[in-house]
Amino acid sequence: MRMSKLFAPTLREVPAEAEVVSHQYLLRAGYIRKTAAGVYSYLPLAWRVLHKIEAIVRQEMDRADGQEVLLPVLHPAELWQESGRWDVYGKELFRLKDRHERDFCLGPTHEEIITALARGEVSSWRDLPKRIYQIQTKFRDEIRPRLGLIRCREFIMKDLYSFDRDEEGLANSYQAMYEAYSRIFTRCGLKFRAVEADSGAIGGTGSHEFIVLAETGESVIAYCEACNYAANLERAITAPVTEAAGEEQLPMEKVSTPAQHTIEEVTSFLQVAAKKLVKTLIYRAIYRDREQLVAVAVRGDRDVNEIKLKNALDALEIELADAATVEEVTGAPVGFAGPVGLNKVSIMADPEVIVIVNAVVGANEADAHLINVNYGRDWTASQVIDLKNVTAGDPCPHCSASLKTTRGIEVGHIFKLGTKYSSALKATYLDESGQSRYIIMGSYGIGIPRTMAAAVEQCHDKDGIIWPVPIAPYHVTIVPVNYKDDRQRQLAEEIYAELMAAGVETIIDDRDERAGVKFKDADLMGFPLRITVGPRSLNEGKIELRLRADGTTWLVDKTEVVTKVQTEIAARQP
RNA sequence: CGGGGCGUGGCGCAGUUUGGUAGCGCACAUGGUUUGGGACCAUGGGGUCGUAGGUUCGAAUCCUAUCGCCCCGACCA
């Protein structure tokens with residue numbers, strides 16, 4: 001490709017709307033342009049990168065017995081009503097009507113479509129297993145699109161659905177996908193971790209997320225370097241605490257703590273560690289037909305994990321109760337709630353709380369706390385269940401080594417669905433004994449543009465993108481320092497022709513621009529290799545080959561350029 | 001949806017407080033000088049100041065409404 005013809009307008013300045021590096025560089029280097037909030041046009045360079053990612057995904061899906069199809073974007077409401085998600089999916093679903101006032105939506109995911117397809121076409125155990133996938137544009141009316149390509153309202157996703165006869169079959173499919181995903185992201189040249197995830201509203205019995213490690217990510221994960229434990233913070237757990245040793249239980253006592261509301265205030269006022277405090281929060285749990293208030297007790301140095309709480313309560317939504325409600329329930333202003341004598345609501349306690357000896361808790365009256373509170377003697381919970389966020393340094397639940405935390409971008413998610421959709425949509429097959437059974441399903445997604453953005457988040461420097469070779473839009477760019485110089489131009493064109501003939505994906509910067517401009521653009525666009533044709537090396541009869549990643553430069557003979565380029569590219573294909 | 005911020009040429013911004021008919025840098029075009037890390041000089045083109053009402057002799061500027069965009073939160077494969 002000739003730079004003079006390439007449609008990749010670069011920007012010197014950072015557009016004001018771009019906050020994260022992937023967004024900034026993809027805009028500046030001419031890969032994408034925004035069409036509306038969370039809706040982007042992919043320009044030629046981006047489209048090449050996306051194709052490369054898709055090609056890797058296809059190969060691995062096919063290798064794992066996936067079969068590619070293309071399903072509709074436009075979904076009739078009936079299928080979504082049948083699964084119940086027409087109501088449940090909420091405002092995130094893009095809805096529309098046709099000219100006859102019939103309801104449709106734009107597909108945010110395709111469980112309904114694929115399950116409806118399967119129920120018509122799969123009838124016997126002989127038809128299973130099947131693994132069907134597509135790469136297709138999805139629509140989700142996100143509450144807040146953000147971070148450029150990382151959270152869009154329209155995006156390309158690979159989604160595969162597995163259909164099995166039983167749990168064992170599902171386990172096979174799930175494992176096959178787990179391995180395929182690991183290969184995909186490895187082949188894309190990305191640093192990632194597969195983590196245990198909350199399966200959320202999608203439901204099912206198991207789920208892993210594939211997280212590309214990057215500081216700007218929306219996900220926080222906890223992982224152990226000593227064993228292979230890794231989980232999204234939403235569901236990460238820590239090894240159970242053992243009984244605190246030795247300390248003798250003292251008589252409970254009320255102390256005055258005027259205007260000491262927060263954990264920090266109380267710990268410094270009473271000179272006790274936050275670990276000795278019980279943080280008591282009042283939550284409102286919302287169900288389909290009712291609401292319920294609960295008190296949640298975690299250790300003073302902990303944060304409540306609202307996902308765990310929501311799951312434990314099996315509620316549709318949960319939210320912190322407002323100040324008036326807290327006062328009504330506890331009889332005290334916010335900041336003085338405690339589990340002792342709290343009888344208007346049930347109490348859910350984190351296991352760490354009940355082993356504290358001589359704890360400090362709110363007294364349920366203004367400006368007072370209780371000290372030397374002990375579980376069992378002074379109060380009891382209606383349920384003791386893990387409700388906290390783990391933090392770095394907590395012991396690993398598997399091996400007790402110290403957990404670490406890091407941020408990342410969720411690029412893939414695999415779910416065991418079980419019969420959630422097959423039962424709702426009546427997708428059954430006849431087993432070997434002639435009995436009708438629901439098909440056991442799994443669903444497995446990869447965000448393609450998000451993967452591209454995640455790669456940029458992970459692979460860049462102050463000058464621009466540094467593409468991993470497997471997903472780079474072009475492998476090498478040739479920069480004649482002065483294209484108008486006959487000798488440089490001829491040699492550059494010669495090398496270009498040779499590389500093209502050898503099948504190397506090459507750009508030649510044939511623009512009448514100053515060298516600096518071409519270098520800057522090449523760095524910004526992130527091609528892994530750069531060939532510089534200029535007087536310096538030309539006078540020695542050599543060509544310069546430079547590695548974008550670390551600036552390594554080789555002076556090679558003209559006749560060896562193609563081989564050297566091919567060698568360096570091959571060396572960087574995981 | 002709650003909180004905050006912003007809409008002025010393709011991009012980045014000034015001008016708004018104090019109303020007087022739009023400006024700077026980049027990019028773009030032409031000519032010249034340059035040419036190994038975003039050159040310089042000269043000339044030039046391009047903007048109903050998001051939109052709609054209102055106030056006023058006069059509105060980018062004041063008022064009202066509305067649309068769009070960004071950030072934080074809630075939410076979310």
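Chain letters run A, B, ... following the sequence lines, proteins first, then strands; residues in each count from 1.
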**Student:** Taking atom P of B/rC70 as reference, at what distance in whole Å does atom CG of A/Leu147 sit?
**Tutor:** 10 Å

**Student:** Which of residues 69-77 of chain A sit near RNA chain B, with a heavy atom under 4.0 Å from it?
**Tutor:** none

**Student:** Tell me which nucleotide among B/rU35, B/rC69, B/rA77 gets nearest to the side chain of A/Asn482.
**Tutor:** B/rU35

**Student:** Measuring only the P atom in each nucleotide, how far is B/rU61 from B/rG15? A whole number of Å is fine.
**Tutor:** 15 Å

**Student:** When only distance counts, do a donor and an acceptor, one from the side chain of A/Arg28 and one from the base of B/rG38, lie under 3.5 Å apart?
**Tutor:** yes

**Student:** If we ignore hydrogens and angles and just use 3.5 Å, is the side chain of A/Asp523 paired with the main-chain N or O of A/Gly526 as donor and acceptor?
**Tutor:** no

**Student:** Under 4.0 Å between a Lys/Arg side-chain N and an Asp/Glu carboxylate O for A/Glu209 and A/Arg193?
**Tutor:** no

**Student:** Expressed in angstrom and rounded to an integer, what is the separation of A/Phe155 atom CZ from B/rA77 atom P?
**Tutor:** 11 Å

**Student:** Could you let me know what B/rA59 is paired to, Watson-Crick or G-U wobble, both distances under 3.5 Å, or none if it's on its own?
**Tutor:** none

**Student:** For B/rG68, give the paired nucleotide (Watson-Crick: N1-N3 plus N6-O4 or O6-N4; G-U: N1-O2 and O6-N3; both under 3.5 Å), or none.
**Tutor:** B/rC6

**Student:** In terms of side-chain heavy atoms of A/Ala16, which of B/rG12, B/rC11, B/rG37 is nearest?
**Tutor:** B/rG12

**Student:** What is the distance from CZ of A/Arg153 to C1' of B/rC76, rounded to the nearest Å?
**Tutor:** 15 Å

**Student:** Can a donor-acceptor pair be found, under 3.5 Å and without considering hydrogens, that links the side chain of A/Arg302 to the backbone of A/Lys388?
**Tutor:** no

**Student:** Closest-nucleotide mapping onto RNA chain B: is A/Glu17 or A/Arg530 further toward the 5' terminus? I mean the 5' end.
**Tutor:** A/Arg530

**Student:** Measuring from the side chain of A/Asp523 (C-beta onward, heavy atoms only), which nucleotide among B/rG37, B/rU35, B/rC72 has the closest atom?
**Tutor:** B/rG37

**Student:** How close or far is atom P of B/rC69 from atom OH of A/Tyr40, stated in whole angstroms?
**Tutor:** 10 Å

**Student:** Does B/rC76 have its OP1 or OP2 closer than 4.0 Å to a side-chain nitrogen or oxygen of A/Lys310?
**Tutor:** yes

**Student:** Where do A/Leu545 and A/Glu568 come nearest, in terms of heavy atoms and distance?
**Tutor:** CD2-CG, 4.4 Å

**Student:** Under a 3.5 Å limit for both distances, which nucleotide forms a Watson-Crick or G-U wobble pair with B/rA39, could you say?
**Tutor:** B/rU33

**Student:** Locate the shortest heavy-atom distance separating A/His110 from A/Tyr161; write the atom from each residue and the value.
**Tutor:** N-OH, 2.9 Å

**Student:** Kindly say if A/Lys91 contacts the phosphate of B/rC75, meaning a side-chain N or O under 4.0 Å from OP1 or OP2.
**Tutor:** no

**Student:** Evaluate the ring planes of A/His413 and A/Phe415, with Trp represented by its six-membered ring, and classify them as parallel (under 30°), tilted (30 to 60°) or perpendicular (over 60°).
**Tutor:** parallel

**Student:** What's the gap between B/rC26 and B/rU43 when it is taken at their P atoms, as a whole Å value?
**Tutor:** 14 Å

**Student:** Can you measure A/Glu218 atom CD to B/rC76 atom C1' for me and round it to whole angstrom units?
**Tutor:** 9 Å

**Student:** What interatomic distance, in whole Å, is found between P of B/rC41 and the corresponding atom of B/rG5?
**Tutor:** 40 Å

**Student:** Taking atom C1' in both B/rC69 and B/rA59, compute the distance separating them and give it to the nearest angstrom.
**Tutor:** 24 Å

**Student:** Tabulate atom names and distances for all N/O pairs under 3.5 angstrom spanning the protein and nucleotides 39-46 of chain B.
**Tutor:**
from, atom 1, to, atom 2, distance (Å)
B/rA39, OP2, A/Arg514, NE, 3.4
B/rA39, N9, A/Arg514, NH1, 3.3

**Student:** Taking all heavy atoms of A/Leu50 and all of A/Pro449, pick out the closest pair and write down the distance.
**Tutor:** CD2-CA, 3.6 Å

**Student:** Can you find an N or O donor on one side and an acceptor on the other, under 3.5 Å apart, linking the side chain of A/Arg144 with the base of B/rG3?
**Tutor:** no

**Student:** Between B/rG23 and B/rU48, how far apart are the two P atoms, rounded to whole Å?
**Tutor:** 14 Å

**Student:** What's the closest nucleotide to the A/Arg146 side chain, out of B/rU35, B/rC75, B/rC11?
**Tutor:** B/rC75

**Student:** Less than 4.0 angstrom from a charged side-chain N to a carboxylate O is my criterion; do A/Glu17 and A/Lys34 meet it?
**Tutor:** yes

**Student:** Taking any heavy-atom pair under 4.0 Å as a contact, classify A/Pro108: base, sugar-phosphate, or nothing.
**Tutor:** nothing

**Student:** Measure CZ/A/Arg151 against P/B/rC71 and give the value in whole Å, please.
**Tutor:** 12 Å

**Student:** Provide the distance between the two P atoms, one in B/rC11 and one in B/rC28, to the nearest whole Å.
**Tutor:** 15 Å

**Student:** Is any N or O donor-acceptor pair between the side chain of A/Glu13 and the base of B/rG25 shorter than 3.5 Å?
**Tutor:** yes

**Student:** If you count every heavy atom of other residues, nucleotides or ligands that lies below 6.0 Å from A/Lys558 atom NZ, does the total exceed 12?
**Tutor:** no

**Student:** Nearest whole angstrom, please: distance from the C1' of B/rG2 to the CD1 of A/Ile143.
**Tutor:** 12 Å

**Student:** How far, in whole Å, is B/rA77 from B/rC13 if one measures between their C1' atoms?
**Tutor:** 39 Å

**Student:** When the distance from CD of A/Glu544 to P of B/rG37 is rounded to whole Å, what number comes out?
**Tutor:** 11 Å

**Student:** What are the two closest non-hydrogen atoms of A/Trp47 and A/Ile156, and how far apart are they?
**Tutor:** CZ3-CD1, 3.9 Å

**Student:** Looking at residues 487-496 of chain A, who's got a heavy atom less than 4.0 Å off RNA chain B?
**Tutor:** none

**Student:** Looking only at N and O atoms, is any donor in the side chain of A/Asp521 or the base of B/rG38 less than 3.5 Å from an acceptor on the other one?
**Tutor:** yes

**Student:** Restricting to non-hydrogen atoms, name the atom on A/Leu11 and the atom on A/Leu27 that form the minimum distance, rounded to 0.1 Å.
**Tutor:** CD1-O, 4.0 Å

**Student:** Can you tell me, in whole Å, how much space there is between the C1' of B/rG7 and that of B/rA14?
**Tutor:** 15 Å

**Student:** Regarding A/Ser219, tell me which of base, sugar-phosphate or nothing describes its non-hydrogen contacts under 4.0 Å with the strands shown.
**Tutor:** nothing

